[in-house]
Amino acid sequence: MNAPTIRTKDEPSPIAAALLDWYDRHHRRLPWRVGPADARAGLRADPYRVWLSEIMLQQTTVQAVKPYFERFTARWPTVAALATAPTDDIMKAWAGLGYYSRARNLKTCAELVVERHGGRFPDDLEGLKALPGIGDYTAAAIAAIAFDRPAAVVDGNVERVVTRLCAIATPVPAAKPEIRARVQALLPVDRPGDFAQATMDLGATICTPRRPACPLCPISHGCEAFSDGTQETFPVKAPKAVKPVRVGAAFVAENADGAVLLRKRAEKGLLGGMSEPPTTQWTSRADGATDIDAAPFAAKWRDAGTVTHVFTHFELRLRVFHARVDRPAPTGAWWSSREDVSGEALPTVMKHAIETAIPGATRKPGVAGGRPSTGRNDQ
DNA sequence: TACGCGTGGCG
DNA sequence: TCGCCAAGCGT
């Protein structure tokens, strides 16, 4: 940190002033955002849209979130509308975005906002943090962006910007308290929401993990790491554990009409509440059950190939079998018609498994490029 | 504190 | 190709 500058109470620090000035000129335009000009005219973003976007953006890129955000807000324009939506509809709309506990919490949180808070989000950190799915970061982001509260917003971008700015060598996440204190000290009292978004924009576009564009950075003059030429060494991270490999099998059953047999996973845990074709248990043992013997019922199972999918903490190798069968769905399962499959709450890994067995099955039917209704894929 | 929890894009 | 990583939260 540079020598502290003497300034009057409400005057932003030179760093914050430079950052806000840069934000005024270079801010990103995003569907959930109110631009700096409107913000300074007193306009605030809709707390519902800020909340929804922040939940979607947890560990997820802006590019991936955009279409989901548009679909959600078009279908459920208010928190009250979302609160009354069937959980299954929300899970289906969330399918593909990942971290599905976010979708379950989304519904619960909307209900609580309606029941406990009359349909309005709390405007303080404590009230926000009491809601499911809202932690330190999201509470601060909503408080600052939607309610202009002087909250220190610390996400991965801010961690990177601040550890470089102040050359903080403590590994993250242990450095979190120190980072938060630095942010709080920099906070401009009159524009906390813009400051939060400015810091995140800087991290996303200039102060990037690799090859940061320091010559374009509005606060490089105050950056310790830049002056040392060590910017790419921050933030310091603890070494990560190796990923174990798990193996299993998925059984994609297709009937004469092209319907696919699906079942629902347990509500909690991995891919909780989502749908899938029947699979074996996934085991880290190399000799895990990947055989036809593990099929949910006897059929002429054909080995369709293997899907490899990397989760956060393990790698899954899923051997895929395919069969034409004509029988009622077992208890707890259902035949999902050709038209319905694309709209099911299928995680990406399960879509891939089904595609491996039946190319085109999870794409929307009736459009060019879809699988012809008479097409057979048996080899 | 450390782990469980998805997915897609990028160099 | 593949490891890294992206606006974290809950337990």
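Just so we're on the same page: letters track the sequence lines, and every chain starts at 1.
For the pair A:Lys237 NZ and C:dA6 C1', the interatomic distance rounds to 10 Å; values are reported in whole Å. Per the geometry, CD belonging to A:Glu54 stands 13 Å off C1' belonging to C:dC9, to the nearest Å. Taking atom CD on A:Glu159 and atom C1' on C:dC5, their separation rounds to 13 Å, with Å as the unit. If you take CG of A:Leu106 and P of C:dC9, they are 14 Å apart, rounded to a whole angstrom. Regarding A:Gln58, its CD atom lies at a distance of 16 Å from the C1' atom of C:dC5, rounded to whole Å. Counting to the nearest Å, the C1' atom of B:dG4 and the CG atom of A:Leu316 are 15 Å from each other.
In terms of phosphate contacts, A:Arg160 brings a side-chain nitrogen or oxygen within less than 4.0 Å of OP1 or OP2 of C:dA6. A sub-4.0 Å separation between OP1 or OP2 of B:dC5 and a side-chain N or O of A:His313 is present.
Using a 4.0 Å cutoff on non-hydrogen atoms, no part of residues 122-139 of chain A comes near DNA chain B.
Taking a 6.0 Å sphere around CZ of A:Arg211, one finds it holds 12 or fewer heavy atoms contributed by other residues, nucleotides or ligands. In A:Arg28, the CZ atom is crowded: over 12 heavy atoms of neighbouring residues, nucleotides or ligands sit closer than 6.0 Å.
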Given side chain to side chain donor-acceptor pair (under 3.5 Å), test A:Gln58 with A:Tyr137 step by step and report yes or no. CA-CA 9 Å; A:Gln58 288 168 7; A:Tyr137 162 75; over 6 Å; no
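Remark: side-chain polar atoms of A:Arg149 are paired, donor with acceptor, to backbone N or O of A:Asp123 under 3.5 angstrom.
Ring centroid separation for the pair A:Phe69 and A:Phe72 does not come in under the 6.0 Å cut-off.
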Could I get a table of every N or O pair under 3.5 Å where one atom is in the protein and the other is in nucleotides 7-11 of chain B?
residue: B:dT7; atom: OP1; partner: A:Tyr100; partner atom: OH; Å: 2.8
residue: B:dT7; atom: OP1; partner: A:Thr348; partner atom: N; Å: 2.6
residue: B:dT7; atom: OP2; partner: A:His309; partner atom: NE2; Å: 3.0
residue: B:dT7; atom: O3'; partner: A:Thr348; partner atom: OG1; Å: 3.2
residue: B:dG8; atom: OP1; partner: A:Thr348; partner atom: OG1; Å: 3.3

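In the hydrophobic clustering (ILVMFWY side chains linked at under 4.5 Å, chained through shared members), A:Phe226 stands by itself.
Note that the CZ atom of A:Arg327 and the CH2 atom of A:Trp335 stand 8.0 Å from one another [nearest 0.5 Å].
The residue among A:Lys268 and A:Ser101 whose nearest nucleotide of DNA chain C lies closer to the 5′ end is A:Ser101.
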